[in-house]
Amino acid sequence: MSTPAVPGGPGLFTGFTKLCKGLAVVLVGGHILVQVFPAVVSYLALIPARTIPFAWNLITAGYVEQTVYGVVVSTVGLLFVGKLLEPIWGSREFLKFIFVVNFITSLCVFITAIALYYITQEESYLYLPVSGFYGILAGFLVGIKQIIPDQELPLLKLRTKWLPSLAVFVSIAVSCWTTGAATYLPTIIFGTYISWIYLRYWQRKPETKLKGDPSDDFAFSSFFPELLRPVIDPVASIFHRLICGRSESPNDSEDYTAAGAPLPGSDPIEASRRRERGARALEERLAAERLAAARSDQESVRDATENV
């Protein structure tokens, strides 16, 4: 007797990319390794006092989950968000994004821990093992904000452009009532900011030879409510000047032109096209999942009829 298929199952749990599956194996394997050999945490996790000479933990820390909850959330997030972002960015760019954001996030956490030690003289900042995929997951939310900012989440009734801000806010709120916030909060905050810098200024577009996304909809102030943006914009302009060597002014087109030619990454039309491609890719994937669910329902009905 045939077993009826689960409605929606084939569409929801298929389409994961090979790269994401491979990275998921790394996350699960890393978690199993630290459970079987707990001493490995000292070499793979980010422990500021041991980062020199164990500098490789700036890279490995992001792929080591010490808890079951952490490895489940990271693996699920990687697989489901990855099958949206990787087809749009390409496998090479997707992997590059993960590597760069993970490394710079770990570097920022290391520098922050050293600074806090010198300020407070608390040795706990030097020996607290920090690890996890949280920074990359936060970066994925920034990627979703960039590609499909106006897509509404059916359950939360919230547009996807607010997902990174919501994740940071919830993390800060939770840290006020729980212990151990130092193991994840800096990673999430730096992961969100570094991923925005990468997508805003560094990500290259081979098809257009442009770099970054200068659109107003992806400005740093877009992470905050309208009420705060007049305060955020001047501060963001200072960091923009440090990164690009010029001030950022939404109303001044000369900031993004030189001798009549757009500077790299200064094409708002390309940014709009990228969002359109993201929305189209999401719609196609949802349509494919609905079709798979419909076929699954038909097979279930047919199997039930045959069994009767």
Side-chain angles (χ1 to χ4, degrees), residues 17-75 77-79 81-82 85-86 89 91-118 122-140 142-143 171 180-199 202-204:
T17 66
K18 292 182 179 180
L19 176 57
C20 288
K21 290 178 182 178
L23 291 173
V25 171
V26 172
L27 292 177
V28 174
H31 173 71
I32 294 175
L33 183 64
V34 298
Q35 296 303 312
V36 177
F37 304 104
V40 173
V41 174
S42 300
Y43 298 93
L44 298 182
L46 175 61
I47 302 178
R50 299 178 179 177
T51 298
I52 300 175
F54 299 159
W56 61 78
N57 61 32
L58 292 172
I59 298 175
T60 59
Y63 309 103
V64 176
E65 290 289 355
Q66 300 182 49
T67 65
V68 175
Y69 170 79
V71 74
V72 170
V73 171
S74 296
T75 302
L78 169 64
L79 291 174
V81 180
L85 295 180
E86 186 183 342
W89 288 349
S91 298
R92 182 176 180 180
E93 177 60 33
F94 183 74
L95 184 60
K96 180 183 176 183
F97 173 84
I98 291 176
F99 178 83
V100 171
V101 172
N102 175 63
F103 175 74
I104 299 181
T105 296
S106 296
L107 185 61
C108 290
V109 172
F110 168 73
I111 294 173
T112 301
I114 297 297
L116 288 174
Y117 165 71
Y118 279 108
E122 289 286 341
E123 291 190 356
S124 59
Y125 290 114
L126 296 180
Y127 294 98
L128 180 67
V130 179
S131 67
F133 204 64
Y134 310 116
I136 304 300
L137 292 181
F140 286 165
V142 178
S171 300
T183 60
Y184 64 85
L185 185 58
T187 304
I188 292 176
I189 294 176
F190 282 122
T192 300
Y193 187 61
I194 298 302
S195 60
W196 174 77
I197 289 179
Y198 180 88
L199 296 174
W202 299 341
Q203 188 182 54
R204 293 185 178 276

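Worth saying up front: this structure is predicted, and the values here are computed from it rather than measured.
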Closest non-hydrogen atoms of Ala138 and Ser195, given as atom of the first, atom of the second and distance, are O-OG, 4.5 Å

Quick one: closest heavy-atom pair of Thr183 and Thr187, and the distance? O-OG1, 4.2 Å

Filter on side chain to side chain donor-acceptor pair (under 3.5 Å), then keep only pairs touching residues 39-48, sequence neighbours left out; what's left?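 Sorted result for residues 39-48: Ser42-Arg50.
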
Return the [atom1] to [atom2] distance between [X] and [Y], rounded to the nearest 0.5 Å.
{"X": "Cys108", "Y": "Phe103", "atom1": "SG", "atom2": "CZ", "result": "10.0 Å"}
{"X": "Lys96", "Y": "Ser91", "atom1": "NZ", "atom2": "OG", "result": "14.5 Å"}
{"X": "Leu78", "Y": "Leu137", "atom1": "CG", "atom2": "CG", "result": "7.5 Å"}
{"X": "Phe133", "Y": "Leu23", "atom1": "CZ", "atom2": "CG", "result": "6.0 Å"}
{"X": "Ile194", "Y": "Ile189", "atom1": "CD1", "atom2": "CD1", "result": "12.0 Å"}
{"X": "Leu46", "Y": "Thr60", "atom1": "CG", "atom2": "OG1", "result": "8.5 Å"}

Trace of the side chain to side chain contact (heavy atoms under 4.5 Å, CB included) decision for Asn57 with Leu44: CA-CA 5 Å; Asn57 61 32; Leu44 298 182; over 6 Å; no

So [Y] and [X], do their side chains get closer than 4.5 Å, heavy atoms only?
{"X": "Leu95", "Y": "Leu19", "result": "yes"}
{"X": "Ile114", "Y": "Pro48", "result": "yes"}
{"X": "Cys20", "Y": "Phe94", "result": "yes"}
{"X": "Phe99", "Y": "Ile59", "result": "yes"}
{"X": "Ile47", "Y": "Phe110", "result": "no"}
{"X": "Ile98", "Y": "Phe140", "result": "yes"}

Got a donor-acceptor contact below 3.5 angstrom from the Thr105 side chain to the Asn102 backbone? no

Anything under 3.5 Å between a donor and an acceptor, one on a side chain of residues 66-75, the other on a protein residue two or more places apart or in another chain? List them.
{"residue": "Gln66", "atom": "NE2", "partner": "Ser131", "partner atom": "OG", "Å": "2.9"}
{"residue": "Thr67", "atom": "OG1", "partner": "Gly70", "partner atom": "N", "Å": "3.0"}
{"residue": "Ser74", "atom": "OG", "partner": "Glu65", "partner atom": "OE2", "Å": "2.6"}
{"residue": "Ser74", "atom": "OG", "partner": "Gly70", "partner atom": "O", "Å": "2.9"}
{"residue": "Thr75", "atom": "OG1", "partner": "Val71", "partner atom": "O", "Å": "2.6"}

Could you walk me through whether Trp89 and Leu199 pass the side chain to side chain contact (heavy atoms under 4.5 Å, CB included) test, one step at a time? CA-CA 11 Å; Trp89 288 349; Leu199 296 174; 3.8 Å; yes

With Phe190, the side-chain contact (heavy atoms from CB on, under 4.5 Å) member among Ile104, Val101, Val109, Leu185: Val109

For Tyr198, all residues meeting ring pair (Phe, Tyr, Trp, His ring centres under 6.0 Å), sequence neighbours excluded: Phe97

